[in-house]
Amino acid sequence: VPPFDGSAVHPVEDYLLGLTRRQFFGRAAIGLGAVSLASMLNPSLLAAPAPGQVGGGVLGGTHFAPKAKRVIFLHQCGAPSQHDLFDYKPKLVEYRDQDLPDSVRMGQRITGMTSGQSRLPVAPSIFPFQKYPNAEDGLWVSDLYKHTASLSEDLCVVHSMYTQAINHDPGITFFQTGFQQPGRPSMGSWLSYGLGSLNNDLPAFVVMISQGFGNMQALFSRLWGSGFLPAEHQGVQFRAGADPVLFLNDPAGVKRSDRRRMLDLLAALNAKERERSADPEVDARIAQYELAYRMQASVPELTDVSDEPEETWELYGEQARIPGTYASNCLMARRLAERGVRFIQLYHRGWDQHGNLPAEIKEQALATDQPQAALVKDLKRRGLLDDTLVIWGGEFGRTVYCQGALTETSYGRDHHPRCFTMWLAGGGVTPGITYGKTDDYGYNIVENPVHVHDLHATMLHLLGIDHERLVYRYQGRDYRLTDVAGKVVRDILV
Amino acid sequence: MWPWRDWVVNSFNSNQPFDRFVIEQLAGDLLEDPTDAQLIATGFNRNHGITDEGGALDAEYRVEYVADRVATTSTVFLGLTLECARCHDHKFDPFSQEDYYGLYAFFNSIDEQGVPPRNASTGFAFAPKMRAPTPQQREQLEQAEAQLASLHAEREAPDPAAEDDFAAWQSGLAAAAGLAWEQSAPHKLHSEAGAELVLLDDGSVLAQGENPDTDVHVLSYRTDATDLSVLRLDALTHESLAAGAAGRAPNGNAVLTGLSLTAVSVLDPDLQHEVRFGYAWADHAQGNGDFDIFNLLDGSGEGWAIQGHDVPGPRVAFFVAEQPFGFEGGTELELTLRYESRYTQHTLGRVAAAFSPAHDVLSSFPAVESDWWVAGPFASETADRAYAAVFGPELVHHIDKDDLFGADGLRWVHRPDFIDGETHELVGERSAFFVGRTIWTSTARSLMLSLGSDDAIRVYHDGRNVLSNDTRRGVAPDQESLQLDLHPGSNVLVAKIVNEGGPAGFYYRAEALGEVLSERAPFALQPLALTPLEQRTESAAVALFDDWRRNASPAYLALSERIADAESQLLELEAQVPVTQIMRELDMPNPTFVLTRGAYDAPDESRPVQRSVPVALGRLPDDASADRLGLARWMVDADNPLVARVAVNRFWQIVFGTGLLATQENFGSRAQAPSHPELLDRLAVDFRESGWDVKGLVRRLVTSATYRQSSKLRPDLSAQDPDNRLLARGSRGRLSAEMVRDQGLAASGLLVRTLGGPSVKTYQPPGLWAERAIPSSNTKLFEGDTGEKLYRRSLYTFWKRSAPPPQMSLFDAPEREFCVVQRGSTNTPLQALVLMNDEAWLETARNLAQRVLSEAGGDSEAFVTLLRLATGRSPDEQEQSLLSAALADYRERYEAAPDDAMALLAYGESEADSSIEPPELAAWTLLASAVLNLHETITKD
């Protein structure tokens, strides 16, 4: 580090010059705007070269050419019923109210909620299914999801997902971090760590939550936490309302000019400290305050949807006008994608339909169907779908057998980790196909199983990352998102 | 768990030797005669998350809790990554799976559940647990208990004055009732089944001889009275009957299944009618079934049982006629007693009947409540539907155990275990339950009900809906109150409880209101006073006096009121006593097997494991106990170097930012070598030999020449040792999340330095908890504390693990879901936003400004004070002029816009100092805010 010469250079400029001199990256001329949030947060990240990337992550680029630059993960908390949305099983009507055969169940564990039931009667979906054209012989979708079905030419629907966990807390933790117990970094924080950010003044990893209808399970900070990775990689939650990022707004009685004046004072005093201590960390601090100042402008610009044309509301639905709804979050996801946020995580709560499923799933479908279809269409027409990977699904599936009373109009379904349906769109995934098959009961996978680790490996692959090489040394061991497993599902890649 | 936190704080403050610190936390419960403090210390291993997720598998979580203990204990005290060996032999360090499960076996025999039920009444603490009063609470409890005992003694002491009051009351009552008992002997006795009925001298009738399975006795009396309205039936004891009992069954019991009285005119035997009784009362009825005296009024249930087998002694019953009876010219009264119970030979052994006119007898009978009956659960798709639906039991006017309700044909089930004044649990989710009872009253009167329910409740009185609350909550007393207006005769009260998730619950307590509200309601045994004094048995006389005294003696009632106050004070005190989770060993240790790939459901029974320490670390001494205590003593044994090294390295890390061994969480073979290995050894040995003197160790570190060096970076050193591992200069680093906040509070003068106590809820943006919580969570809604609690050290901040305080998480505080011994130290714009815009920090800045203005004379003196409070040094000239220029700008700004100044000063609960002009204070507040945001302020250098 060259000695600080004490000349009257603006401290931020000096920071950038310092970086230049150290040849950490060669883009000083474009000023602060080129420095990513993630890399600013931790100067040590800058030690790695970042060819071709704005503020690259620890990988210093990708392992191979990426298909996707960003991910939008539409997590449906509580686990939607694949039987009532995507996994069409016409034979179930014949099996209605018959006990699930032992030859199908094969003694597998079931949760404490139905393990005491005297029988496990088969409950076919009461919702009609229709076939929609795709690149193969068509996609069956129930009438609950007509808008989503209209994406049949764009979706890759995986019927053969499976997981290890059978209850929500470990299930969702496994999905988000690759491990059932707390303590591992989440998907988004791995990407922030590995790839850095694509944008200048928004976080690399943004989380949004919407409330559903019905039985809601708890969410935890750990689901978007950074585990043992540095904390700057944790997801930043964007919330509905006036303060979309916590503490973003200046207090009442403080104008932007007042804040600017304070930051000028702060920068000048900090520069004196830099002089005294010779510690470059002071420069980083100054830069953080400048970034915070800019975030205060860029986030409201992001969340201010008054610039959206009328057709946006037609596409996403009127619900999108209400901040905090899934529809609004889908629209926000598009705006975040446009601005280069790396990992956009939505959580929609309320899918845990142990009883009264037909009534509750209608409400959930109503809240999610149009907006998520709108998101994919919107990305596509803006040319963003090619390099944005959209993933939809819950933490596990639901049982074909009924929990509680099976009536003509109502039934419930328990947790089912052995198979469930997810869909992917864009980002290098083959459009218009289905992948994997389940048996006539929709209970076991009979073809092309895809484990959660495989999905993670595939997602990383599409982003140009070899999932076995994005690692972090902790407690003497190299950890990765896919733990010690995971196979890229090459069959679904373009 | 805050008593455990207090224990830790006390331990450090009192400089408890570190070996004791380890032993008491790992095995305090196994020490001989452990103190409360030593038990509380074992909470160390109960800080793991505990699930109560519906459907979670108990066996799975039992394993996870033990695994957490192994990971925490081995990470914190041994610096080892033993948890790797849960699934397979350790890849790098010499630990096998057997080693892992050998350690695991020390921790898997705790008296705990994997998925314990939630219980609001114990503050959601999960067993094993203990009450942990503070010394002050203990003293208060002892005082309150002593006071209560002395009040009880005073109240129950004999009171001669009361006997006079009693006599006066009794004669008044009899006069008011207008009773004139006619006690004649029957002139005709008949047993249908052939028992021998003998008339005794006192007019009572004794059954002798054969004792048939069932029988009907008919006794005929002659009277000249014409306005009779009360029949008194005495069931008496006799030496020929089972010891002291009034029943003839071998066990002394009796069941009267029918009673009828026919009045026949002596003048015109065609003139006759059956006397209809509208009310009945008995001094005792058997409780474990449908045996109430009221059964005799309508022939329902199992009749009236006297419970002579359990409760010896005579019985008395009254029957009040709906219309006066007795013919002019004499009446033949034919009393029929039916003993047709399925319990054979249950006849009364000796009975006497008496008749009386009365003009006000009904008001002396108390309202009588039957036991509870429960029907349900009636399952529904949702709680909302269960609430809206009608299932049948809510409509009944009579609780009949033969009625069937709903598709599944549910019946009323007798629940004598439902004691009034206690909460009761019902099991079934998304379901409705009906809890019903009959209340008989002789006159119209009112009860004041206190009800509780989990969740929603609707109350029906004879099929009429009298209260509804569609709510979701845990059950507690006094959630609803309701005045129930009883009509004479039987009243059916049914509460419908609708449960969403978890257990359902019900609570009931009733207080009788006087007929005129200011008057006392009749007490339970009051009708005994209606019997003639000379015919009252001694036990009845004593019981009546006691009951009268408890309910009507002014002296007694005054003391009762004081006792009630003392009891509620005691309850209040007890409710404040924290309940804390501890370790408690099962009597017999669980067998331990290696779990294949660490899976809870795959124990490998061919690989049993005994409690043992990892082979590579030695072995437990032969004389050591094979339990946690033996393990803890082995850990701090002089022959075991690891614990002292790990501890010393942690204190070094706290003081210098980085340990001598950089990876505090891993002392294994994959760790970097220590920067100063001999120093680590030396410090560890000295630490142990000093008697594990923690304060001495810290003093040694912070007074060292190394620590007291300037932390200024020097290019020559940075080139050779960029991370300053060799400590040629002082270390620098950002303060931890908690210290950043505590320092700000301290500088501003807001900090409240109180030690110990429960956690506090400080400022937090709204909605953070609700958006993640399940609907029934006890931490769904955040309610912040007020006053001093807002300014306690961050150590005491309440922590919801699924949504920790963001101000802490953003400064790298871990979520506390698992053990972390080394934190990150990041530098992000979100931190800048917290320090600039969080309400707490705006309040801190204003208070710092107020403090500076009150302590300093003029601007330049104030600049010095401000900077000294925040950074510990004075500003130089250039800094003075920078501050001065900013202050001038802000003064101008806020003098022009005093409303903005007021708005800025309104943050936080503390009041702005009104002696300072708002524009001036606002200007200084922003200046103070800037200083609190300085790199130097939040950096330890």
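- For A/Asn167 against B/Leu57, the heavy-atom pair with the smallest separation is ND2-N, 4.0 Å.
- Test A/Arg285, A/Gln288, A/Glu232 against B/Asn827 for side-chain hydrogen bond (donor to acceptor under 3.5 Å, both in side chains) and you get one pass: A/Arg285.
- Using a 4.0 Å cut-off between charged side-chain N and carboxylate O, B/Glu771 and A/Arg239 make a salt bridge.
- Ranked by heavy-atom pairs under 4.5 Å with chain B, the first of A/Ile209, A/Asp414, A/Ile110, A/Leu248 is A/Leu248.
- In summary, B/Glu815 and A/Arg222 do not engage in a salt bridge, as defined by a charged side-chain N under 4.0 Å from a carboxylate O.
- The pair A/Arg276-B/Glu879 meets the salt-bridge criterion, since a charged nitrogen lies less than 4.0 angstrom from a carboxylate oxygen.
- How far CG of B/Leu882 is from NZ of A/Lys272: 7.5 Å, rounded to the nearest 0.5 Å.
- Here the CZ-CZ distance, from B/Arg772 to A/Phe220, works out to 10.5 Å after rounding to the nearest 0.5 Å.
- Only the backbone of A/Asn249 has a heavy atom closer than 4.5 Å to any heavy atom of chain B.
- When each of B/Pro814, B/Ser802, B/Ala922 is checked for heavy-atom pairs under 4.5 Å with chain A, B/Ser802 comes out on top.
- There is no side-chain donor-acceptor pair under 3.5 Å between B/Arg893 and A/Ser257.
- To the nearest 0.5 Å, the span separating CG on B/Leu835 from OH on A/Tyr289 amounts to 4.5 Å.
- Looking only at atom types and distance, the side chain of A/Asp258 has no donor-acceptor partner in the side chain of B/Tyr890 under 3.5 Å away.
- Side chains of B/Asn666 and A/Arg473: a donor-acceptor N/O pair is absent below 3.5 angstrom, by distance only.
- Here NE2 of B/His935 is found 5.5 Å from CD of A/Glu281. Values are rounded to the nearest 0.5 Å.
- If you measure heavy-atom distances from A/Ser277 to chain B, the contacts under 4.5 Å come from both the backbone and the side chain.
- The line from CG of B/Leu830 to CG of A/Leu291 is 10.0 Å long, rounded to the nearest 0.5 Å.
- Taking CG of B/Asp68 as the reference point, atom CD of A/Gln181 lies at 9.0 Å (rounded to 0.5 Å).
- With a 4.5 Å cut-off on non-hydrogen atoms, A/Ala359 touches chain B through its side chain but not through its backbone.
- With a 4.5 angstrom heavy-atom cutoff, A/Leu223 does not touch chain B via any of its atoms.
- With respect to B/Glu892 and A/Arg261, no salt bridge is recorded, no charged nitrogen being found less than 4.0 Å from a carboxylate O.
- With salt bridges taken as basic N to acidic carboxylate O contacts below 4.0 Å, one links A/Arg109 and B/Glu60.
- Within the 4.5 angstrom heavy-atom criterion, only side-chain atoms of A/Leu263, from C-beta onward, approach chain B.
- With chain B as partner, the option from A/Ala218, A/Ser410, A/Gly355, A/Ala252 having the largest number of non-hydrogen pairs under 4.5 angstrom is A/Ala252.
- Exactly one residue among B/Leu810, B/Leu768, B/Val834 makes a side-chain contact (heavy atoms from CB on, under 4.5 Å) with A/Leu246. That residue is B/Leu768.
- Counting heavy-atom pairs under 4.5 Å between each of A/Glu360, A/Lys255, A/His415, A/Arg477 and chain B puts A/Lys255 at the top.
- With a 4.5 Å cut-off on non-hydrogen atoms, A/Leu265 touches chain B through its side chain but not through its backbone.
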